Visitor: 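Mind having a look at this structure? Questions to follow.
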Number of protein chains: 2
Amino acid sequence: MFPARLNNPEKKYQDQHLFFDFHNLSAYVDLREVLLTRKEHALLGLLLDNAGEIVRREILLEKIWGYGRGIRTRTLDVHIRRLRKKLFPYGDTYIETIFGAGYRFQRYREPRGYPNYVPELVAV
Amino acid sequence: MFPARLNNPEKKYQDQHLFFDFHNLSAYVDLREVLLTRKEHALLGLLLDNAGEIVRREILLEKIWGYGRGIRTRTLDVHIRRLRKKLFPYGDTYIETIFGAGYRFQRYREPRGYPNYVPELVAV
DNA sequence: TACAGTTTTTACAATCTTTTTACAAACAAA
DNA sequence: TTTGTTTGTAAAAAGATTGTAAAAACTGTA
């Protein structure tokens with residue numbers, strides 16, 4: 001009836017290690033809170049909206065920065081780098097580089113040999 | 001039956017160091033009484049109503065000042081500053097700045113290693 | 001009006017975010 | 001392996017937002 005984006009203040013992404021709120025700058029990696037800047041939040045949000053799919057550089061630059069083709073900048077790469085850092089230690093597995101195309105967010109997939117691993121809750 | 005706010009003259013906030021009465025301009029920080037002005041009281045009350053959550057600047061400016069978007073003012077910042085002062089020495093830990101978004105009130109949490117310590121649950 | 005307290009504005013400092021720069025590293029094609 | 005292209009990275013520069021002191025404007029009351 002409405003596009004989910006416009007009518008869903010509860011929109012969230014969640015998997016094994018990451019929690020992302022599309023309407024708040026705060027996210028969680030495991031149980032650690034991570035505050036994102038606005039650009040970081042927009043970028044991760046767009047990748048998450050297309051989780052599993054390649055999002056081309058041009059698309060990212062256009063939708064988040066309003067840049068048209070032919071603009072030469074490294075700002076996207078720098079933001080990707082900061083995001084990966086904040087998603088430590090999962091940054092590189094979550095955000096894949098597709099050389100010559102763009103980036104792709106991949107939902108967390110359990111490494112082999114650790115089937116069904118779930119973090120234990122332990123007092124510290 | 002009624003929204004709590006409208007039918008609850010007893011509504012209060014309390015934690016380790018702060019006592020706040022939603023219907024009275026006087027509050028307590030530890031054993032010291034603190035008199036709040038009406039704007040200060042409204043501002044702290046709104047933050048407390050959303051304790052733990054980010055409240056955006058626009059929301060604060062709209063609900064307390066009736067300002068719409070695009071109004072350029074520093075009055076919110078000045079009020080935050082006075083509140084933090086009155087909440088000394090907890091002002092900065094209670095009232096967090098979320099850069100680019102707004103403010104967030106955080107309930108007091110006992111530092112680790114102190115008496116009265118209650119185990120936190122942490123993933124391992 | 002004068003006063004005392006409250007609130008807003010002003011002007012600038014401090015801090016945080018974003019973009020650019022300059023170069024290194026990784027990749028693809030031949 | 002060489003060459004040209006793309007992406008990664010640290011650091012600096014530029015831009016935007018928030019913090020702050022002080023002054024001005026406002027509010028209610030006597």
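Just so you know, these numbers come straight off a predicted model, no measurement behind them. Below, read A as the first sequence line, B as the second, and so on, with proteins coming before strands; counting in each chain starts at 1.
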Visitor: Could you tell me the separation between the CD1 atom of B:Ile80 and the P atom of D:dT18, rounded to a whole number of Å?
Guide: 11 Å
Visitor: At how many degrees, to 10°, do the end axes of the helix from C:dT1-D:dA30 to C:dA30-D:dT1 meet when each uses five pairs?
Guide: 40°
Visitor: Once salt bridge (charged side-chain N to carboxylate O under 4.0 Å, His left out) is applied, do any residues pair with B:Glu33, and if so which ones, sequence neighbours excluded?
Guide: none
Visitor: Send over the distance from B:Leu83 CG to D:dT18 P, rounded to a whole Å.
Guide: 17 Å
Visitor: List the residues meeting ring pair (Phe, Tyr, Trp, His ring centres under 6.0 Å) with B:Tyr28, not counting sequence neighbours, and say none if there are none.
Guide: none
Visitor: Distance check needed: C:dC16 P versus B:Asp77 CG, whole Å only.
Guide: 15 Å
Visitor: Got a sec, which residues hit ring pair (Phe, Tyr, Trp, His ring centres under 6.0 Å) with B:Tyr13, two or more places apart in sequence or on another chain?
Guide: B:Phe105
Visitor: Just jot down the salt bridge (charged side-chain N to carboxylate O under 4.0 Å, His left out) partners of B:Glu96, sequence neighbours excluded, or say none.
Guide: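 With neighbours one apart ignored, the set is B:Arg104.
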Visitor: Please list residues of residues 92-103 of chain A whose heavy atoms come under 4.0 Å from any atom in DNA chain D, ordered by number; otherwise none.
Guide: A:Thr97, A:Phe99, A:Gly100, A:Ala101, A:Tyr103
Visitor: Anything under 3.5 Å between a protein N or O and an N or O of nucleotides 7-11 of chain C, put it in a table, one pair a line.
Guide:
| from | atom 1 | to | atom 2 | distance (Å) |
| --- | --- | --- | --- | --- |
| C:dT7 | OP1 | B:Lys39 | N | 3.2 |
| C:dT7 | OP2 | B:Thr37 | OG1 | 2.4 |
| C:dT8 | OP1 | B:Lys39 | NZ | 3.3 |
| C:dT8 | OP1 | B:Trp65 | NE1 | 3.1 |
| C:dT8 | OP2 | B:Trp65 | NE1 | 2.7 |
| C:dT8 | OP2 | B:Thr75 | OG1 | 3.1 |
| C:dT8 | OP2 | B:His79 | NE2 | 3.1 |
| C:dT8 | O4 | B:Arg82 | NH2 | 3.0 |
| C:dT9 | OP2 | B:Thr73 | OG1 | 2.8 |

Visitor: Test of understanding: with side chain to side chain contact (heavy atoms under 4.5 Å, CB included), list the residues that count as partners of B:Ala42, not counting sequence neighbours.
Guide: B:Ile64
Visitor: Are the side chains of A:Leu60 and A:Leu47 in touch, meaning some heavy atoms are under 4.5 Å apart?
Guide: yes
Visitor: Pairs of donor and acceptor atoms involving the side chains of residues 88-95 of chain B, under 3.5 Å and at least two apart or interchain, shall be tabulated with distances.
Guide:
| from | atom 1 | to | atom 2 | distance (Å) |
| --- | --- | --- | --- | --- |
| B:Tyr90 | OH | B:His17 | ND1 | 3.0 |
| B:Tyr90 | OH | B:Asp30 | OD2 | 2.7 |
| B:Thr93 | OG1 | B:Tyr90 | O | 2.9 |
| B:Tyr94 | OH | B:Asp15 | OD1 | 2.7 |
| B:Tyr94 | OH | B:Asp15 | OD2 | 3.2 |
| B:Tyr94 | OH | B:Leu18 | N | 3.4 |

Visitor: Give the other cluster members for A:Phe99, using side-chain heavy-atom distances under 4.5 Å between Ile, Leu, Val, Met, Phe, Trp and Tyr residues; answer none if it is isolated.
Guide: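 Via sub-4.5 Å side-chain contacts, A:Phe99 links to none.
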Visitor: What residues, two or more places apart in sequence or in another chain, satisfy salt bridge (charged side-chain N to carboxylate O under 4.0 Å, His left out) together with B:Lys86?
Guide: B:Glu40
Visitor: For residues 58-77 of chain A, which residue pairs qualify under salt bridge (charged side-chain N to carboxylate O under 4.0 Å, His left out), counting only residues two or more places apart or in two chains?
Guide: A:Arg56-A:Glu58, A:Arg57-A:Asp77, A:Glu58-A:Arg69, A:Arg74-A:Asp77
Visitor: Starting at atom CZ of B:Arg57, determine the distance to atom P of D:dA16, rounded to an integer number of angstrom.
Guide: 16 Å
Visitor: If I take atom CZ from residue B:Phe19 and atom CG from residue B:Leu31, how far apart are they, to the nearest 0.5 angstrom?
Guide: 12.5 Å
Visitor: Please state how far atom CG in B:Leu36 lies from atom C1' in C:dG5, giving the value in whole angstrom units.
Guide: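 Computing the B:Leu36:CG to C:dG5:C1' distance gives 15 Å.
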Visitor: Rounding to a whole Å, what distance do you find between A:His41:NE2 and C:dT17:C1'?
Guide: 16 Å
